[in-house]
J.: 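I'd like to ask you about the structure that follows.
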Amino acid sequence: MLTLALGCGDVAAFDPSADFVRADLVAEQDGVSPGGVVWLGVRLRHAAHWHTYWTVPGDAGLATRLQWSLDPGYRAGAIEWPVPERLRVGDLANYGYQGEVLLPVSVQAPASARIGATARMAVRADWLVCNDICIPGGADLSLLLPVRAATQLRPTPEADVFAATRRRVPTPATLQNARASVDGSRVRLEFLGPKAGVHTLEFFPLEAGRIVAAADQALSVQGQGVRLELQAQAPMAPDFSALRGVLVADGGPGADEHGWAAKIDIALSRSPASPAPGAGKAPVSIGDVASAPLAAAAERGDVPARTAAVPGTGLLAPVAPAASGFSLALALVGAFVGGIILNLMPCVFPVLSLKLIGLVQHRGETHARLRAHGAAFAVGVVLSFLALAGLLIALRAAGSQIGWGFQLQLPLFIAALIGLFFLIGLNLLGAFEFTFGAGLANSRAGQALPDHGLHGSFATGILAAAVASPCTAPFMGAALGYAVTQSAPVALAVFAMLGTGMAAPYLLLTLFPSWLQRLPRPGAWMERLKQLMAFPMFLTCVWLFWVLGQQRDMDAVAWVLVALVGLGLFAWATGLAQRGAPAWRWLAGAAALLAVLTVVPLARSGTRDSAAPLASAADTEWSNWSQDVQRAALAQGTPVFVDFTAAWCITCQANKRLVLHDDRVADAFRQHGVVLMRADWTRRDEGIARELARFARSGVPLYVLYDRRGIAHLLPEILSTKVVLDELATI
């Protein structure tokens, strides 16, 4: 699901929207009684001309979200949404609130609540506030209420605000002689109104992707007969079977003596000439547009396809979950396909190649044994992804702004990976044997590799997942962005499917062992290939050293090099011990301890300045990403291209060198006057993490091209020169 993941804590310190919306938590009564209900409300005060969003935002936007943290036994209900306004944004329309609005929620207290105690009510509120630009914001709010007998409770000064808001909360109603029908692209609602008649009538849909928010709503009244005509989204949603929404007559309750508001749910009938939902137009690809409302706008020519923002604004809003066409099923499919593609990443391929060689060695075993190897490898991959996902979810829940690949932002983790790959390389060259407890290999031709056993396959799965975790393959970005905004079980299901996709090709080889017969028979070539595979491992070490240098400095690189000398001594002494000189084990142990102690200082928090200038000659036209600079450029109608990248992201580096530094692309950037910005996430940066979350992404790469109208175009994770040039031609 495409959504906004906000991690702002203290409003004054971190909330960029603080100048435009203020929030507080208020109560209708001055306490709570055992077993009783207390009404709480998040009150939002907007600066002039700024607004936040209703439960269904309209053509774009994001509904305000509340996450409650209550004492045990207390239960919070859903937001009782008051009637919104229809807010015009160019040729589009949103549903939301200006001025001051109260979002009331009922909280049920447990019968066991002890009189004299104090109940703590805490809520995390996240919103998107918009005017000429859209800014994500949020606040952590809390309130202490004493537990008293019901007879002792008194109204608070805000009680009148609750009463006024309650009058504007629509309730379900049955309209007299009501019917709803579809005729072509028009939806017609007819019913008998009050005797006093209806002068104005607005419909706000409670389901996204049904009604064109900006289209005129034609009202005709004859006596008590009321007809309202709405324009349906095209193509019509297949599950559009009922008209569900809120009717607001004559400004709603309180605006006029005849004003009223009501929730309706009326089954739709279709005229014979009306096409079936979705007929007549090709479906919109989920990779092209973030939501059904924006897709319809794109078809009308208002918004280009592949847009994930509020048209006409300086900063672009992500699409709310309710407005998104993304679903759990699509997330699972995207994760599975992305997992398969991960096998082609340069850092993963050598590990899987080693496992493939192992399969060739084991192909003479029974089919059941081969399948067991495949299952062990798959379990290692899936459990590793679940462990990383669990840690990611826990850290985000604790308020950390982190995303996929966060572990590669830790210098100590990078040092550990360097040491691991270095040892694997030495092992492949024969310096020592590391067989996961399965014994030493026979050195005869055809049996040069150790028989790793099932635990070896399991460990290889863990290693493959570890080296793949920094990468984001096609289809993965949206799937993982959806996952990190869902409940823990849903998120873990998506990450498990990612691991399943990565393990699938290897698992299939073990399920169909006849495919292995096409490979050459085991022989001396396997020993040579095993030794050759050591050098991709050493190249991976070089890459990780470069990442470490980007994060820290040459001192850190030097200390890790010293640690590698210790690991080399460990491998050499271990090899001697394995060949019949056990006394050397003491030296091996001492060398290993030396290597570990050498890298311990990397655990300190200091890193290179995140604003350090870009050093590459090819980067002279690029500047470090700054939200303020981006806003200033967009305010002047200047297009902006933002490259969200990291040194540890192989895909990012390949795209940069093969596409973004291509002369044709560089010339096109210059010709269109594009401001080029690079958001480097090599080191942890909460500002970049929040910006990624605005586009429903939890990792890099992400490429965003803002056109001259300030509309954001999202490019695919794997770039090509043609894709970039074609996108530039549209701005």
Side-chain angles (χ1 to χ4, degrees), residues 332-333 335-345 348-389 420 424 427-428 430 433-469 492-533 578:
L332 293 174
V333 172
F336 182 80
V337 176
I340 293 176
I341 299 174
L342 274 180
N343 290 290
L344 303 178
M345 295 298 172
V348 182
F349 188 73
V351 177
L352 297 182
S353 298
L354 292 178
K355 203 59 209 163
L356 183 60
I357 296 173
L359 269 183
V360 174
Q361 180 189 7
H362 292 299
R363 67 179 177 178
E365 298 182 3
T366 65
H367 290 181
R369 181 72 175 173
L370 278 174
R371 294 189 184 101
H373 277 288
F377 175 80
V379 169
V381 172
V382 173
L383 287 183
S384 298
F385 276 111
L386 287 176
L388 282 172
L420 178 61
I424 291 174
N427 173 251
L428 293 173
E433 294 294 348
F434 185 53
T435 62
F436 303 99
L440 298 178
N442 191 317
S443 60
R444 291 177 297 171
Q447 301 198 15
L449 289 178
D451 179 4
H452 290 290
L454 298 182
H455 43 317
S457 295
F458 177 79
T460 306
I462 295 175
L463 178 62
V467 297
S469 59
L492 291 175
V494 174
F495 281 96
M497 189 59 73
L498 176 65
T500 303
M502 184 176 178
Y506 178 82
L507 187 59
L508 283 175
L509 281 176
T510 62
L511 293 177
F512 300 95
S514 59
W515 296 351
L516 293 172
Q517 302 305 320
R518 302 183 181 182
L519 296 174
R521 298 187 62 80
W525 67 272
M526 291 179 63
E527 172 67 15
R528 301 293 175 262
L529 181 58
K530 183 190 77 164
Q531 295 172 351
L532 182 63
M533 294 306 296
Q578 289 173 336

J.: Are the side chains of Leu507 and Phe377 in touch, meaning some heavy atoms are under 4.5 Å apart?
T.: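 Not in contact.
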
J.: How far apart are the closest heavy atoms of Tyr506 and His373, and which atoms are they?
T.: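 Scanning both residues completely, I find the closest heavy atoms to be CE2-O, 4.0 Å.
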
J.: For Leu370 and Thr510, work out which heavy atoms get closest and say how close.
T.: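 For Leu370 versus Thr510, the nearest heavy atoms are O-CB, 3.2 Å.
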
J.: If every non-hydrogen atom of Gly499 is compared with every non-hydrogen atom of Phe385, which pair is closest and at what distance?
T.: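 Residues Gly499 and Phe385, closest heavy atoms: CA-CD1, 3.4 Å.
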
J.: Report the distance from atom CG of Leu388 to atom CG of Leu383, rounding to the nearest 0.5 Å.
T.: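 Those atoms lie 11.5 Å apart.
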
J.: Please find the pair of heavy atoms, one from Gly461 and one from Ser384, that lie closest to each other, and give the distance.
T.: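 The pair with the smallest heavy-atom distance is O-OG, 4.5 Å.
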
J.: Mind listing the closest non-hydrogen atom pair of Leu492 and Ala389 along with its distance?
T.: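 Result for this residue pair: CD2-CB, 3.9 Å.
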
J.: Of the non-hydrogen atoms in Ile340 and Pro505, which two are nearest, and what is the gap between them?
T.: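 Closest approach of Ile340 to Pro505, heavy atoms only: CG2-CG, 4.5 Å.
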
